[in-house]
Q: 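I have a structure here, written as structure tokens, and I will follow up with some questions on it.
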Amino acid sequence: MSTTAATTTRVATLADLAALEGTSLGTSSWIDIPQQRIDTFADATDDHQWIHVDPERARAESPFGGPIAHGYLTLSLIIPMWDEILTVDSVTMAVNYGLNKVRFTNPVPAEGRVRLSATLQSVEELPKGGVQVTVAGQIELEGSERPAVVVEAVYRFFE
């Protein structure tokens, strides 16, 4: 992982989140996507399609000019990137609640780098305590104007 500093939003309590609706929460550090990471993901998911794991063939035959990361690999990196973007000091537990929307809009080449930028769309109180937040995110691809992934993620936080 790169050491480029992230831009993080930090609040004391869940009650402080409502004031942030509609605002940018920040941008994570860049994460490197070496071929080794792609190969490890292929082993973990049993997805060994040649466009991901055969660099020689991918350079010769794929429309991408070389191997690319799995879309789900890129999406899965939202976890460490999200942790860099928002900190709520009072939270004792947070869970990924799901995704409302995901689009893989640009392939990530092996040896590329990605980072997450996120905007807080909404904050809703949960009936039994805690809040649900919906976040609009873009997993940016270094050197490209078009993001690699556009995502609407839902998280639940509890104090």
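Any value given below was found using the heavy atoms of this structure, including those in side chains, with hydrogens, waters and symmetry copies removed.
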Q: Does the pair F41 and H52 meet the rule for a side-chain contact (heavy atoms from CB on, under 4.5 Å), with working shown?
A: CA-CA 10 Å; F41 188 84; H52 305 302; over 6 Å; no

Q: Would you kindly confirm whether V151 and F104 end up in one hydrophobic cluster when ILVMFWY residues are joined by side chain heavy atoms under 4.5 Å apart?
A: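 V151 clusters together with F104.
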
Q: Are I68 and I33 connected into the same hydrophobic cluster when the rule is that any two of I, L, V, M, F, W, Y join if their side-chain heavy atoms are below 4.5 Å apart?
A: no

Q: State whether E142 and R113 are salt-bridged, where the test is any N-O pair (Lys NZ or Arg NE/NH1/NH2 against Asp/Glu carboxylate O) under 4.0 Å.
A: yes

Q: Looking at Q35 and P67, what are the two nearest heavy atoms and their distance?
A: OE1-CG, 3.2 Å

Q: Are any side-chain N or O atoms of E84 and backbone N or O atoms of S29, one a donor and one an acceptor, separated by less than 3.5 Å?
A: yes

Q: Does one hydrophobic cluster hold both V150 and I79, with members joined at side-chain heavy-atom distances below 4.5 Å?
A: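 V150 and I79: separate clusters.
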
Q: Kindly give the heavy-atom pair with the smallest separation between T13 and V88, and that separation in Å.
A: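 For T13 and V88, the tightest heavy-atom pair comes out as C-CG1, 3.6 Å.
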
Q: As an exercise, state the distance from CD of E152 to OG1 of T119, rounded to the nearest 0.5 Å.
A: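 Going from CD on E152 over to OG1 on T119, the span is 11.5 Å.
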
Q: Verify, without hydrogens or angle tests, whether T105 (side chain) and P147 (backbone) share a donor-acceptor contact under 3.5 angstrom.
A: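 Yes: the side chain of T105 pairs with the backbone of P147.
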
Q: Report, as yes or no, whether the 6.0 Å neighbourhood of atom CD on E21 holds more than 12 heavy atoms from other residues, nucleotides or ligands.
A: yes

Q: How close do M93 and V91 get, counting heavy atoms only, and between which atoms?
A: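 Minimum heavy-atom contact is O-CG1, 3.3 Å.
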
Q: Let me confirm one number: the CG-CD distance from N106 to E140, rounded to the nearest 0.5 Å.
A: 11.5 Å

Q: Taking all atoms of both residues into account, what is the closest heavy-atom pair of D43 and H48, and its distance?
A: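 Residues D43 and H48, closest heavy atoms: OD1-NE2, 2.8 Å.
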
Q: If two hydrophobic side chains count as joined below 4.5 Å and joins carry through other members, does W82 share a cluster with V154?
A: no

Q: For the side chain of T9 and the backbone of L25, is there at least one donor-acceptor N/O pair under 3.5 Å apart?
A: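 Yes, because the side chain of T9 sits within donor-acceptor range (under 3.5 Å) of the backbone of L25.
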
Q: At their closest point, which heavy atom of L14 faces which heavy atom of S90, and how far apart are they?
A: N-OG, 3.7 Å

Q: Linking I/L/V/M/F/W/Y whenever their side-chain heavy atoms sit closer than 4.5 Å, directly or via other members, would L116 and Y72 fall into one cluster?
A: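 Linked within one cluster.
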
Q: In Å and rounded to the nearest 0.5 Å, what is the CD to CD distance from E124 to Q132?
A: 5.0 Å

Q: Before you tell me yes or no, could you show the steps for R146 and L141 under side-chain contact (heavy atoms from CB on, under 4.5 Å), namely the whole-Å CA-CA distance, both residues' side-chain angles and the distance that decides it to 0.1 Å?
A: CA-CA 7 Å; R146 204 168 84 221; L141 175 60; over 6 Å; no

Q: In the structure I gave you, are the side-chain heavy atoms of L99 and L75 within less than 4.5 Å of one another anywhere?
A: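 L99 reaches L75 side chain to side chain.
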
Q: Can you list the steps and then say if L77 with R37 is a side-chain contact (heavy atoms from CB on, under 4.5 Å)?
A: CA-CA 11 Å; L77 295 172; R37 177 174 248 154; 4.1 Å; yes

Q: For I85 and A118, which heavy atoms make the closest approach, and how far apart are they?
A: CD1-CB, 4.2 Å

Q: What's the separation between atom CZ in R59 and atom CG in D54, rounded to the nearest 0.5 Å?
A: 9.0 Å

Q: Can you list the steps and then say if Y155 with N96 is a side-chain contact (heavy atoms from CB on, under 4.5 Å)?
A: CA-CA 5 Å; Y155 301 98; N96 298 320; 2.8 Å; yes

Q: Does the side chain of F157 come within less than 4.5 Å of L17's, by heavy atoms?
A: yes

